Protein chains: 2
Amino acid sequence: MPKKIRIKDIARLAGVSAGTVDRVLHNRGNVSTKARQAVEAVLEKVDYKPNIHVSALSLKRTYKIVITTPVVSPGEYWESIHHGFRYAKEAYSNLKLTIEVLTYNQYDIFSCREMFRQIAEMEMDALIIGPTFHNETYTLCEKMDERNIPYIFVDSNNDGTHPLAFFSSDHYMCGTLMAKLITSLIPVDSKIGILHAVRVGNQSANSTILRKRGFMDYISKQEAAYQVLRIPFSVEEPKNNESYLSRFFSVHHDIPGVVVMNSRGNYVANYLHSNQIHDVKMVCLDLTTPNVEALKKGRIDFLIGQEPEYQGFRAMKTMLEHLIFNKPVKRENYVQLDILTRENIGFYKRFNNIML
Amino acid sequence: MPKKIRIKDIARLAGVSAGTVDRVLHNRGNVSTKARQAVEAVLEKVDYKPNIHVSALSLKRTYKIVITTPVVSPGEYWESIHHGFRYAKEAYSNLKLTIEVLTYNQYDIFSCREMFRQIAEMEMDALIIGPTFHNETYTLCEKMDERNIPYIFVDSNNDGTHPLAFFSSDHYMCGTLMAKLITSLIPVDSKIGILHAVRVGNQSANSTILRKRGFMDYISKQEAAYQVLRIPFSVEEPKNNESYLSRFFSVHHDIPGVVVMNSRGNYVANYLHSNQIHDVKMVCLDLTTPNVEALKKGRIDFLIGQEPEYQGFRAMKTMLEHLIFNKPVKRENYVQLDILTRENIGFYKRFNNIML
DNA sequence: CCTATTTTTGTGTACGTACACAAAAATACA
DNA sequence: TGTATTTTTGTGTACGTACACAAAAATAGG
């Protein structure tokens, strides 16, 4: 077992002092070419891994990180992502961190535009973005690129930008998986109800669209001729949903399976239950509190999880380790698509134990 | 934000020196009743969380941990558990650890008995056990209890013993889940082939038996009348398996689904493929390399994962934090039952990112 | 009451890194 | 060449904990 190499060891091997090694490691400048080369030569040879816990302990300066995401509601998807942020912050509680959370209304493009305009001018060391509107996000990122401030996406990537990294599920594959699951539950050639709300004002290839594409591509590749029927639904304006659903299910009273591609599956599941419409198999998205309840009660058959806590945790962790320890970063990070049933939901850890 | 409380702070509040606080925290003795009470009173009030990274840094003594599990083969279940052990060891690489791995032949009770006899007498600070044979494990644990050496199980618990903790899947629920999945794939009232090898010499309620029970209980609760057929198979003596399988499938050529409750699902999947028997849905266990391949090729429909890397990681981590930092331990730890398909297997992280 | 012994308590150092500051070397300029 | 200035380098301290060791207090024994 090779002994751990320390800064002091590198200094000795390079014939310089520890201070010089430190300056080279952190690009602090004020190092002669000769000394730099000597240190770099040693670094080439040895496998130096700084003890990040000690680094954190010795760190003096304060880092400021800004987070912007859609508004957070209890028990919902974005709350889980924020849990991840907080958990990472605790894991690095010996660092001196200032974290500012700024949320926008994901159903109001003007709210987002105004918030992003402010953020673009703020003092900060790094930015974490939960994007919704493509153009607004793009504009913000352009500004960040200009100012040389690193940013990381959670939930989705945003085309044309240059993030340090993103943590997201593969939305297309998510749709494919949902198709696979619903078709395994229902007879061949039958109808499938599909509910996906496209957000007004969002011109981008957003996650729901990608999911739908993955879904339809899978269906069309099957030998069986499924009939996919769109169920009207609006997350923004819930008042009409009851009537949308009742109209749909009175026409298609024989529909054997429904897929919901946003996190409101519980709404449909509970509608069906309270209207005594049984035997409709359901595949839904996200472990929101009401969805999990519906799953446990057997009103939803499969629920897909996108590791939101993990996304938040990793985004924050990656950013901190980049900023402070200069750790190399993997840019593309697709998270697991967890398949949950009432049988295995109880063991799903989310957060209690997983990290650190 | 409340400032972090340190040993020094506790000392000041209790009117003693840092050394005394240290002695109380670590039960090192040589503390007057008065001083102890003063310190304990302060500890009641404040939320002291030692900085375990610094603790590790300051630690002088070496800890020895013994691991015993079945023999490890490349790409198989137990190798993943050992990956977890190693990963945890790396995560705590600033600790002074001596780890001794002693494996036994899980198909030879005498090999196990002899190995455990030796282990019972060895010098060590802690033991991690991957149990197979109930009585042999029980005897070893009795000895450990006597010697006051803590032990943790991975993969299964062992009745009647007193482990510090165990990390295992809920095997009964695993069987239930497999039943749920296979019945969702095949027509009602059809036949199901089930393959589960009971190990010779293992009288205990072992994991396979529990899985079978969970499976059968689920099936018998269904309205549909499935017919469950046992497929003969021997992991220990593979030479007859080919003929077992050919006999079974020639009789039951119309069987629509097969469940394999040990990790050899790929064997059946590939048999079916090479004998042009298609349209047999398969639900199998464990992400061994050959199983994952069969899943990706579409020869297996659902694969259940039991987080073996996580089991190993957590077992080691829990033991270290107990031994060294005196961290409170949760005894019962059931791991996730991950449902994998060819669609989501690619995102399954196992180890690359998860921990630390 | 004094000394010897034991118990209790406090102090100091190491661990590996960041960074401030002082010291030394190199360079500029007269 | 000598002094001033800048660049480069080395040293020392802090961070929070474990633990060795020395100092102080309490107790025992005569």
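The structure displayed is predicted, hence computed values, not measured ones. Each chain gets a letter, A, B and so on, in the order its sequence line appears, and its residues count up from 1.
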Discussion item. So A:Asn51, base contact, sugar-phosphate only, or nothing? Heavy-atom distance under 4.0 Å.
Written reply: sugar-phosphate
Discussion item. Check the phosphate of D:dG16 against B:Tyr48, side-chain N and O only, distance under 4.0 Å to OP1 or OP2. Yes or no?
Written reply: no
Worksheet entry | Pairs satisfying side chain to side chain donor-acceptor pair (under 3.5 Å), at least one member in residues 94-103 of chain B, at least two apart | B:Lys64-B:Glu100
Review item, nucleotides 23-25 of chain C N/O atoms under 3.5 Å of protein N/O:
none

Worksheet entry | Of residues 24-47 of chain B, the positions that come close to DNA chain C - non-hydrogen atoms, cut-off under 4.0 Å | B:Asn30, B:Val31, B:Ser32, B:Ala35
Worksheet entry | Protein-nucleotide distance (B:Asn326, atom CG; D:dA18, atom C1'), rounded to Å | 14 Å
Discussion item. Does D:dC15 have OP1 or OP2 under 4.0 Å away from a side-chain N or O of A:Ser58?
Written reply: no
Restricting to nitrogen or oxygen on both sides, can you table the protein-nucleotides 11-13 of chain D pairs closer than 3.5 Å?
none

Worksheet item: Is the B:Phe166 to B:Tyr334 ring centre distance short of 6.0 Å?
Response: yes
Response to the item:
One would report the end-axis bend of the helix from C:dC1-D:dG30 to C:dA30-D:dT1, five pairs per end and rounded to 10 degrees, as 50°
Worksheet item: side chain to side chain donor-acceptor pair (under 3.5 Å): which pairs involve residues 145-155 of chain B, sequence neighbours left out?
Response: B:Tyr77-B:Asp155, B:Asp145-B:Tyr151, B:Asp145-B:His162
Worksheet item: Is the distance between the ring centroids of B:Tyr310 and B:Phe167 less than 6.0 Å?
Response: no
